[in-house]
Student: 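I'd like to ask you about the structure that follows.
Basis for what follows: all heavy atoms, side chains included, without hydrogens, waters or symmetry-related copies. Computed from a predicted model, the values in this text were never measured in an experiment.
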Amino acid sequence: VQLQAYGGGLVQAGGSLTLSCVASRGAFSIDAMAWYRQAPGKQRDLVARIFSGGTTNYADSVKGRFTVSRDNAKKTVYLQMNTLKPEDTAVYYCNMKGLSSSWYRTPFDSWGQGTQVTVSS
């Protein structure tokens, strides 16, 4: 299953951006949809995750500022980012886990290509 992410860019501190990530038609069902980020020289960390039942998890650093949501019919996950800070600057990656549409319903764990978010001070 391939993922395509959209929406990164350059924004001033205090601004907003919305990221989106769509899965290819090869996904039969998607349990968890998530966003991670990786700043230069740092490890990739979880930003936000949403499960099929609607449960969400957020990193402490983004609680109250970021909102993750999903559209199951469109196989898309969104990340609404408000009140952005320079420390939010990173490459953002989407991740999805679920079952493929193959005959055997093979599990998949796929990553998007990454989209750069840069927040200027």
Side-chain angles (χ1 to χ4, degrees):
V1 176
Q2 294 183 331
L3 308 184
Q4 181 68 48
Y6 303 91
L10 173 65
V11 64
Q12 289 187 331
S16 298
L17 277 176
T18 301
L19 307 181
S20 61
C21 176
V22 60
S24 66
R25 290 181 292 177
F28 173 74
S29 64
I30 305 173
D31 181 25
M33 298 182 175
W35 290 96
Y36 289 74
R37 67 187 180 187
Q38 186 168 21
K42 296 188 177 181
Q43 66 181 21
R44 188 176 299 185
D45 292 324
L46 177 69
V47 175
R49 177 170 49 207
I50 183 168
F51 293 94
S52 57
T55 301
T56 57
N57 303 128
Y58 293 93
D60 288 343
S61 60
V62 307
K63 285 180 180 177
R65 300 188 297 122
F66 291 11
T67 302
V68 62
S69 61
R70 60 190 285 169
D71 184 327
N72 292 322
K74 295 182 179 179
K75 297 180 181 177
T76 301
V77 61
Y78 304 94
L79 185 68
Q80 174 67 45
M81 304 184 291
N82 297 326
T83 319
L84 282 160
K85 303 176 181 180
E87 50 264 44
D88 295 318
T89 296
V91 177
Y92 284 69
Y93 297 89
C94 55
N95 173 263
M96 296 189 189
K97 297 180 174 65
L99 299 177
S100 73
S101 56
S102 68
W103 176 258
Y104 298 103
R105 295 290 186 257
T106 305
F108 70 89
D109 182 350
S110 297
W111 291 88
Q113 82 282 12
T115 184
Q116 176 70 46
V117 172
T118 302
V119 184
S120 62
S121 57

Student: Using the side chain to side chain donor-acceptor pair (under 3.5 Å) rule, take Q80 and T18 through it: C-alpha gap first, then chi angles, then the decisive distance, then the call.
Tutor: CA-CA 4 Å; Q80 174 67 45; T18 301; 2.4 Å; yes
Student: Quick one: hydrophobic cluster around V47, which other residues, with the 4.5 Å side-chain cut-off, linked directly or via members?
Tutor: V1, L3, V11, L17, L19, I30, M33, W35, I50, Y58, V62, F66, V68, V77, L79, M81, L84, Y92, M96, F108, V117, V119
Student: Closest heavy-atom contact between S24 and K75?
Tutor: O-CD, 4.2 Å
Student: Does any non-hydrogen side-chain atom of S20 lie less than 4.5 Å from one of K74?
Tutor: no
Student: Please check this pair: side chain of S100 against backbone of T106, looking for a donor-acceptor N/O pair closer than 3.5 Å.
Tutor: yes
Student: Taking R105 for the side chain and L99 for the main chain, is one N or O donor matched with an acceptor at less than 3.5 Å?
Tutor: no
Student: How long is the span from the CG atom in N95 to the SG atom in C21, to the nearest 0.5 Å?
Tutor: 8.5 Å
Student: How far apart are the closest heavy atoms of Q113 and Y93, and which atoms are they?
Tutor: O-CE2, 3.9 Å
Student: Find the distance between CG (D31) and CG (D109) and round it off to the nearest 0.5 Å.
Tutor: 11.0 Å
Student: Any sub-3.5 Å donor-acceptor pair from S101's side-chain atoms to G26's backbone N or O?
Tutor: yes
Student: Where the side chain of D45 meets the backbone of Y36, is there a donor-acceptor pair that is under 3.5 Å apart?
Tutor: no
Student: Over all heavy atoms of both residues, which pair between Q116 and A90 is shortest? Give the atoms and the distance, please.
Tutor: NE2-O, 3.4 Å
Student: With the side chain counted from C-beta on, respond yes when Y78 and T67 share a heavy-atom pair under 4.5 Å apart, and no when they do not.
Tutor: no
Student: Report the C-alpha separation of D60 and K63 in whole Å, then their side-chain angles, then the decisive distance to 0.1 Å, and conclude whether the salt bridge (charged side-chain N to carboxylate O under 4.0 Å, His left out) test is met.
Tutor: CA-CA 5 Å; D60 288 343; K63 285 180 180 177; 3.1 Å; yes
Student: Do you know the tightest heavy-atom contact between S16 and N82?
Tutor: OG-OD1, 3.0 Å
Student: Look up atom NZ in K85 and atom OG in S121, then write down how far apart they are to the nearest 0.5 Å.
Tutor: 14.0 Å
